[in-house]
Amino acid sequence: MDIQALLYKVEKRLYIGGEWVDGANGETYEVENPATGEVIATLASGTREDSLRALEAADNARKEWERTAPRTRAEILRKGYDLVKERKEEFAHIMTVEMGKALTEARGEVDYGADYLLWFSEETNHFYGETNQYPAKDNRMITVRKPVGPCLLITPWNFPLSMATRKIAPALAAGNTVVIKPAKLTPLTMQYFVQTMEEAGVPAGVINIVSSTSARDVSEPIMADPRCRKVSFTGSTPVGAALMTQASENILKMSLELGGNAPAIVFADADIDLAVEGVKAAKMRNIGEACTAANRILVHESIADEFSEKFAKAVSEMKVGNGLEEGVEVGPLIEAKEVDRMRELVEDAKATGGEVLTGGEAIDGPGNFFQPTVIRGASRDARVFKEEIFGPIAPIFTFSTEEEAWEMANDTEYGLASYVFSENPDMLWRASDNLEFGLIGYNSGVVSDASIPFGGVKASGLGREGSKEGMFEYTEVQMIGVRDPYARG
Ligand code: NAD
């Protein structure tokens with residue numbers, strides 16, 4: 001793949017009302033490859049004025065898009081799916097050079113991201129309302145699901161394609177128009193995706209993209225404008241909380257997919273080899289930079305030695321390097337400061353009694369590399385127990401009773417993903433009853449799919465993405481009460 005030629009093809013400007021335009025003040029910003037530190041592109045940076053123009057374009061396009069036949073909307077999304085799949089190698093290479101993930105994982109994300117287009121293209125035609133009668137029989141009711149209105153979609157850098165398609169696809173399927181603000185560290189995948197959707201036939205103004213060095217220059221003016229009716233945000237909990245405060249001014253509908261601190265519980269009766277594979281996948285996927293990453297590995301004391309030894313061996317065999325190289329499984333961290341944070345987390349864990357079983361060190365640059373690391377025996381006061389690690393460090397803690405496992409697992413403000421490994425089928429229901437998390441992987445290190453209702457509780461957010469629930473998030477229910485012809489009185 002000629003990366004230079006590919007990057008040259010990617011639009012670097014804003015897309016507003018069906019036109020690619022420079023930002024109002026002509027400012028630009030650079031995107032770097034985290035594996036090499038090289039600048040790979042220079043993009044237009046949107047201003048407050050550009051953001052409002054994008055909202056205006058979305059508002060102007062909304063009525064016509066809302067009235068477009070569902071079948072037509074479905075066909076456009078399906079065409080987008082076909083084009084993304086055709087361009088899979090291009091999307092995967094763009095993602096690897098701007099975000100760092102291994103090419104095999106980037107290919108997986110293209111498939112996963114594209115699946116949202118396929119899924120919601122199918123859902124477009126299955127948009128059922130309800131009918132019922134009032135118990136006193138004076139009225140009958142009909143409900144209609146209506147598009148919510150222009151949406152602001154804000155996405156993070158760790159999954160540059162899928163975090164956006166799981167918002168854009170249901171929003172468009174339900175008849176909404178959108179303004180997208182991608183993360184400034186990884187905007188190129190989304191720029192290329194918007195170009196692709198333009199080719200798929202999305203009408204002018206239905207999708208708009210405003211990249212910017214200042215996220216607030218996009219979010220603040222749009223959220224303060226009554227034409228915006230919904231914000232869907234994926235990112236960190238503090239930013240999500242700040243947006244929720246802003247959203248209260250205009251009572252905006254909100255979906256928030258925020259941080260996580262997932263427990264992976266390995267019970268004494270688990271298949272240990274299956275657990276090693278599952279926890280490794282749940283922890284090290286995406287360089288550990290995933291909201292669903294297994295953050296705290298809780299292992300029953302009776303199997304802790306065997307599990308730790310096998311797990312540390314499996315992790316130590318992972319190949320680290322530039323994601324474009326053959327066989328690499330763990331790429332660079334997104335920024336140099338993240339390498340420093342990993343060092344601090346390891347030192348802190350060691351200070352509370354943790355022993356490093358493998359890794360534990362930064363790798364000399366260029367690039368922001370850190371060894372895949374396993375630490376055993378840190379205390380519950382360690383930062384790796386309490387904070388979202390967001391990197392390739394896997395801390396193992398032990399428990400002695402089932403009650404202790406649930407208590408340790410729930411001892412976090414977060415509630416997104418959790419994982420349970422046990423060969424006892426009853427444990428599935430006990431896990432469901434006891435775990436305060438939106439997602440449970442049972443004997444599986446993978447939870448994500450376009451068909452599932454993805455989302456968290458507590459500080460991990462509000463609402464669900466994917467499945468039929470993901471589409472409801474972009475609608476409002478309208479009830480029509482009709483006088484019953486047999487009403488008395
Ligand atoms: P972040 O909160 O720093 O940024 C996310 C997005 O918000 C970016 O586009 C950023 O430019 C924008 N942003 C930042 N400050 C803003 C502000 N004041 N107003 C408006 N927008 C603002 O998060 P990140 O570092 O890009 O992503 C990592 C975080 O995202 C982690 O906490 C991770 O768990 C979370 N995440 C959650 C999910 C999920 O589905 N729950 C998925 C992926 C990532």
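Both counts, for ligands and for their atoms, begin at 1 and track the order of listing. Atoms considered below: every heavy atom in the structure, side chains included; atoms not considered: hydrogens, waters and symmetry mates.
What you find for C291 and F390 is that their closest heavy atoms are N-CE1, 3.9 Å. Here the closest non-hydrogen pair linking A44 and G23 is CB-N, 4.0 Å. For I297 against A394, the heavy-atom pair with the smallest separation is CD1-CB, 3.7 Å. Closest non-hydrogen pair, G113 versus L161, comes out as CA-CD2, 4.2 Å. Considering all non-hydrogen atoms of both residues, P34 and I334 come closest at CB-O, 3.7 Å. A pairwise comparison of heavy atoms in V97 and L324 identifies CG1-CD1, 3.9 Å as the closest pair.
Any N or O atom pair closer than 3.5 Å counts here, and N158 shares no such pair with ligand 1. In terms of polar-atom proximity, L258 is counted as a contact of ligand 1, with an N or O under 3.5 Å from an N or O of the ligand. Considering backbone and side-chain atoms together, S460 places no N or O closer than 3.5 Å to any N or O of ligand 1. Polar contact check, F390 against ligand 1: no nitrogen or oxygen pair lies under 3.5 Å apart.
The contact set between ligand 1 and M163, taken as ligand atoms under 4.0 Å from a residue heavy atom, comprises 42 (C), 43 (C). For ligand 1, the atoms lying closer than 4.0 Å to a non-hydrogen atom of P156 are 26 (O), 27 (O), 43 (C), 44 (C). Counting the atoms of ligand 1 from 1 in the order shown, those under 4.0 Å from a heavy atom of T234 are 5 (C), 36 (N), 37 (C), 38 (C), 39 (C), 40 (O), 42 (C), 43 (C), 44 (C). For ligand 1, the atoms lying closer than 4.0 Å to a non-hydrogen atom of A183 are 9 (O). Atoms of ligand 1 found under 4.0 Å from any heavy atom of R216, numbered from 1 in the order shown, are 18 (N). Here is the list of ligand 1 atoms found below 4.0 Å of a heavy atom in L243: 19 (N), 20 (C). Set against the non-hydrogen atoms of L416, the atoms of ligand 1 under 4.0 Å away are 41 (N).
When the shell of 6.0 Å around NZ of K468 is examined, it contains 12 or fewer heavy atoms from other residues, nucleotides or ligands. More than 12 non-hydrogen atoms from other residues, nucleotides or ligands lie less than 6.0 angstrom from CE of M318. A 6.0 Å sphere centred on CD of E413 holds more than 12 heavy atoms belonging to other residues, nucleotides or ligands.
Only the side chain of E388 comes within 4.0 Å of ligand 1, judged by heavy-atom distances. Contacts between F233 and ligand 1 below 4.0 angstrom, taking non-hydrogen atoms only, involve the side chain exclusively. Of all the heavy atoms of E335, none lies under 4.0 Å from any atom of ligand 1, so neither backbone nor side chain is involved. Looking at S219 against ligand 1, only its side chain comes within 4.0 Å, counting heavy atoms. For V239, every heavy-atom contact with ligand 1 shorter than 4.0 Å involves the side chain, none the backbone. At a heavy-atom cutoff of 4.0 Å, ligand 1 is contacted by no atom of V218, backbone or side chain.
Regarding atom 40 (O) of ligand 1, its nearest protein heavy-atom neighbour is R166 NH2, 2.7 Å. Counting protein heavy atoms only, atom 1 (P) of ligand 1 is closest to S236 OG, 3.6 Å. Nearest to atom 21 (N) of ligand 1 among the protein's heavy atoms is A215 CB, 3.4 Å. In this structure, the protein non-hydrogen atom closest to atom 11 (O) of ligand 1 is K181 NZ, 2.7 Å. Shortest contact from atom 36 (N) of ligand 1 to any protein heavy atom: C291 CB, 3.6 Å. Closest protein heavy atom to atom 9 (O) of ligand 1: T155 O, 2.7 Å.
Of the options K230, R464, K167, a side chain to side chain donor-acceptor pair (under 3.5 Å) to S255 is made by K230 and by none of the others. In summary, of the residues considered (T373, V279, T358), a side chain to side chain contact (heavy atoms under 4.5 Å, CB included) with V315 occurs for T358 alone. Shown are T155, L77, L153; of these, the side chain to side chain contact (heavy atoms under 4.5 Å, CB included) with I168 is made only by L153. Of the residues listed (E98, M99, E90), the one engaging T189 in a side chain to side chain contact (heavy atoms under 4.5 Å, CB included) is E98, and it is the only one.
Scored by the salt bridge (Lys or Arg N to Asp or Glu O under 4.0 Å) test, E32 finds no partners at all (sequence neighbours excluded). Applying the salt bridge (Lys or Arg N to Asp or Glu O under 4.0 Å) test to R53 and every residue at least two apart in sequence or in another chain returns D50.
One option in G438, A290, G455, G235 has a heavy atom closer to atom 35 (C) of ligand 1 than any other, and that option is G235.
Within the 4.0 angstrom cut-off, atom 26 (O) of ligand 1 has one or more protein heavy-atom neighbours.
Contact between W157 and ligand 1 is present, with at least one heavy atom of the residue lying under 4.0 Å from the ligand.
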